[in-house]
Colleague: 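Sending over a structure as C-alpha cells; questions will come in a sec.
Note that ligands are numbered from 1 as they come in the structure, with each ligand's atoms numbered from 1 the same way.
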Amino acid sequence: MKAIEDALNGNTIVATASRASQPLVESRTYNKRTSDPALFEKDDAPSQKKKRHLPPSWSEEPREKTALRPTSAIMKHQIRDLSRTSSSNATKRPAGVFLSQEQSQILQLVEEGTSVFYTGSAGTGKSVLLREIIKTMKKKHKAADAVAITASTGKSTLMLMRSLNSRVQALRLVTLVALQSIRLLGLA
Ligand SMILES: Nc1ncnc2c1ncn2[C@@H]1O[C@H](COP(=O)(O)OP(=O)(O)OP(=O)(O)O)[C@@H](O)[C@H]1O
C-alpha cells in the first residue's frame, strides 16, 4: 500500500532518479569496458600469458631450407621421362620367362626331336610353353619356314592367332591348317 501511495504522490520519479544515480556494480563490471582494475574481480582478471620456454637446441639449429615443390609442368615432364625410360627398357630387356621343371622337360624333349603331346588344366602354362617351343625351334633352325604351327580346329586356329599376336604368323598358320586339312581329307 505504501508503494502505491508513494507512486500516486509522484515519488516514483525521485526513486527512479536515485536508482539511476547509483548504477549497479554488476552492469559496470560486465557490460562496460573499463580500464579501472579495481572493478575487475580477481577471477575475471585477464590472465597473464606465460612466456614459452623452448629448448636451447631449438633456436641454435639452423633451419633447413625446404625443397621447392615441383610445379605441375615439371611434374608432367618427369612423368613423361619416366614413362619413356620404362618403355624403352621394356623393349630392350623383355621380362624373361623361367619355365617350370615340367615345362623345361617338355621343351628339352621337343629339342631332341621327340614327338610330344602335352596337356593340362586351364592356366597351367601350355601357351607359355608353346611360345617358348616356337622361339627355341626358330633359333635352332634359322630358316624362316623351318617352324610351322598348326591347329586342329578352326577355333583353336583363331586362339593361336590371337595368342601369337602376329599377322604374318597368323596368315601362315591359316595356310598350314588349310593344307593339313586337305591332306587329312586325302585331297592332295
Ligand atoms: N613358366 C612360367 N613363368 C611365368 N609365368 C607363367 C609360366 N607359365 C605360365 N605362366 C603364366 O600363367 C598364366 C597361364 O599361362 P597360360 O596361358 O600359358 O596357361 P594355359 O595352360 O595355356 O591356359 P589355358 O588352358 O586356359 O589357355 C599366364 O599368366 C602365364 O603368364
Colleague: From Tyr118 OH over to Gln103 CD, what is the distance, rounded to the nearest 0.5 angstrom?
Modeller: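 So the gap between those two atoms works out to 8.5 Å.
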Colleague: For the CG atom of Leu107 and the CD atom of Gln105, what is their distance to the nearest 0.5 Å?
Modeller: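 The CG atom of Leu107 sits 11.0 Å away from the CD atom of Gln105.
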Colleague: For Thr136, what residues pass the side-chain hydrogen bond (donor to acceptor under 3.5 Å, both in side chains) criterion, not counting sequence neighbours?
Modeller: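 With sequence neighbours excluded, Thr136 shows a side-chain hydrogen bond (donor to acceptor under 3.5 Å, both in side chains) to no residue whatsoever.
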Colleague: Could you work out, with side-chain hydrogen bond (donor to acceptor under 3.5 Å, both in side chains) as the rule, every residue matching Glu111, not counting sequence neighbours?
Modeller: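 Glu111 satisfies side-chain hydrogen bond (donor to acceptor under 3.5 Å, both in side chains) with no other residue.
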Colleague: Can you list the residues that meet the side-chain hydrogen bond (donor to acceptor under 3.5 Å, both in side chains) rule with Lys126, with sequence neighbours excluded?
Modeller: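 So Lys126 forms no side-chain hydrogen bond (donor to acceptor under 3.5 Å, both in side chains) with any residue.
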Colleague: Under a strict 4.0 Å criterion on non-hydrogen atoms, which protein residues are in contact with ligand 1?
Modeller: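 Only Phe98, Leu99, Ser100, Gln103, Ser121, Ala122, Gly123, Thr124, Gly125, Lys126, Ser127, Val128 have heavy atoms that fall under 4.0 Å of ligand 1, ordered by chain and number.
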Colleague: To the nearest 0.5 Å, what is the distance between NZ (Lys139) and NZ (Lys135)?
Modeller: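 Answer rounded to 0.5 Å: 6.5 Å.
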